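To keep things clear, I will list the structure first and then write my remarks on it.
Heads up: numbering here begins at 1 and tracks the sequence. For clarity, every value in this text was computed on a predicted model and none was experimentally measured.
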Amino acid sequence: MKAFGIALAGYILMFVVLFATLTAVYFALGTERTFVPGSYAVTPLWIAVFCFFQFDSGLVAGIVVSKLSRDRKVPLILAGMTLVFGILMALPAITSGVNATMTRDGSLTNMQAMMQAQTPVWIQLIAPALAALGVTAGATLMSLVGQRRS
């Protein structure tokens, strides 16, 4: 049960890191470089940034969970949770389809941007895999660092 608790804490950490970095990037890029003009469809720049930080948040969580648990199974539990929860959260968007007819005018608050953003379905499918790969990479990195110290 302790292993699951540490993995769950890692998942929450991953969410916090991703939310904080994407919020900062949204403010840095602004509405016009985040969204295609006049719509809620995200730009290729935003997709690239999102994918990078999706992996990065998993990397951070994988490192922290590895340090906390010292059990190689816990990062695998976290990677599995990431895949399962990510796919479950993507299902509504995948099955409902995207309303590409919505138009946007002016700038948006961060909350409006999160609620209205239209990302391609393929992004929603690979995002959990990117985060799980990040978790695995972080755990592997910590394992390699631990081997060098012994």
Side-chain angles (χ1 to χ4, degrees), residues 4-70 74-146:
F4 182 77
I6 292 172
L8 185 59
Y11 189 81
I12 292 167
L13 173 65
M14 194 176 352
F15 171 80
V16 169
V17 168
L18 187 62
F19 183 83
T21 53
L22 291 180
T23 297
V25 169
Y26 175 72
F27 287 123
L29 290 178
T31 305
E32 295 308 316
R33 289 192 300 189
T34 300
F35 295 103
V36 173
S39 80
Y40 289 102
V42 295
T43 62
L45 174 62
W46 179 261
I47 291 171
V49 167
F50 174 79
C51 288
F52 174 80
F53 284 114
Q54 189 75 31
F55 179 85
D56 187 57
S57 67
L59 185 73
V60 170
I63 289 170
V64 170
V65 163
S66 292
K67 290 278 267 186
L68 289 175
S69 70
R70 306 243 189 254
V74 176
L76 294 176
I77 293 169
L78 175 57
M81 286 172 61
T82 301
L83 286 172
V84 170
F85 292 162
I87 291 169
L88 288 175
M89 287 190 291
L91 283 177
I94 293 167
T95 57
S96 70
V98 176
N99 184 0
T101 61
M102 291 178 54
T103 58
R104 175 186 60 79
D105 44 333
S107 62
L108 304 170
T109 67
N110 186 44
M111 193 57 70
Q112 289 171 318
M114 285 190 314
M115 299 303 289
Q116 299 295 331
Q118 297 172 350
T119 57
V121 171
W122 64 270
I123 290 294
Q124 295 177 22
L125 293 173
I126 67 164
L130 287 171
L133 283 171
V135 168
T136 306
T140 302
L141 181 65
M142 292 311 297
S143 175
L144 293 173
V145 168

Indicate the atoms forming the closest heavy-atom contact of [X] with [Y], along with that distance.
X   : Y   : answer
P75 : V65 : N-CG1, 4.0 Å
E32 : P37 : OE1-CA, 4.2 Å
A7  : M81 : CB-SD, 3.7 Å
L78 : A61 : CD2-CB, 3.9 Å
T43 : V36 : CG2-N, 3.7 Å

Let me confirm one number: the [atom1]-[atom2] distance from [X] to [Y], rounded to the nearest 0.5 Å.
X    : Y    : atom1 : atom2 : answer
F55  : L133 : CZ    : CG    : 6.5 Å
Q124 : L91  : CD    : CG    : 10.0 Å
F15  : T82  : CZ    : OG1   : 13.0 Å
F50  : I126 : CZ    : CD1   : 8.5 Å
Q54  : T21  : CD    : OG1   : 9.0 Å
L141 : S66  : CG    : OG    : 9.0 Å

Holding to side chain to side chain contact (heavy atoms under 4.5 Å, CB included), I want the full list of residues that pass it with [X], two or more places apart in sequence or in another chain.
X   : answer
L59 : D56, I63, A137
L29 : V25, R33, T34, L45, W46
L76 : none
V84 : L88

field: Any residue meeting side-chain hydrogen bond (donor to acceptor under 3.5 Å, both in side chains) with T23, in chain and number order, not counting sequence neighbours
entry: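 side-chain hydrogen bond (donor to acceptor under 3.5 Å, both in side chains) list for T23, sorted by chain: N110.
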- prompt: Hey, are S39 and Q118 close enough side-chain-wise for a donor-acceptor pair under 3.5 Å?
  reply: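 Side chains of Q118 and S39: no pair found under 3.5 Å.
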task: Mind running side-chain contact (heavy atoms from CB on, under 4.5 Å) on I47 and W122 for me, showing each step along the way?
output: CA-CA 11 Å; I47 291 171; W122 64 270; 4.0 Å; yes
task: Determine yes or no for a side-chain-to-main-chain donor-acceptor pair under 3.5 angstrom, with T140 supplying the side chain and T136 the backbone.
output: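 Yes: the side chain of T140 pairs with the backbone of T136.
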- request: Using the side-chain contact (heavy atoms from CB on, under 4.5 Å) rule, take T31 and Y26 through it: C-alpha gap first, then chi angles, then the decisive distance, then the call.
  value: CA-CA 7 Å; T31 305; Y26 175 72; 3.1 Å; yes
message: Among residues at least two apart in sequence or on other chains, which ones pass ring-ring contact (aromatic ring centres under 6.0 Å, His included) with F85?
response: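 For F85, the residues satisfying ring-ring contact (aromatic ring centres under 6.0 Å, His included) (neighbours in sequence not counted) are Y11.
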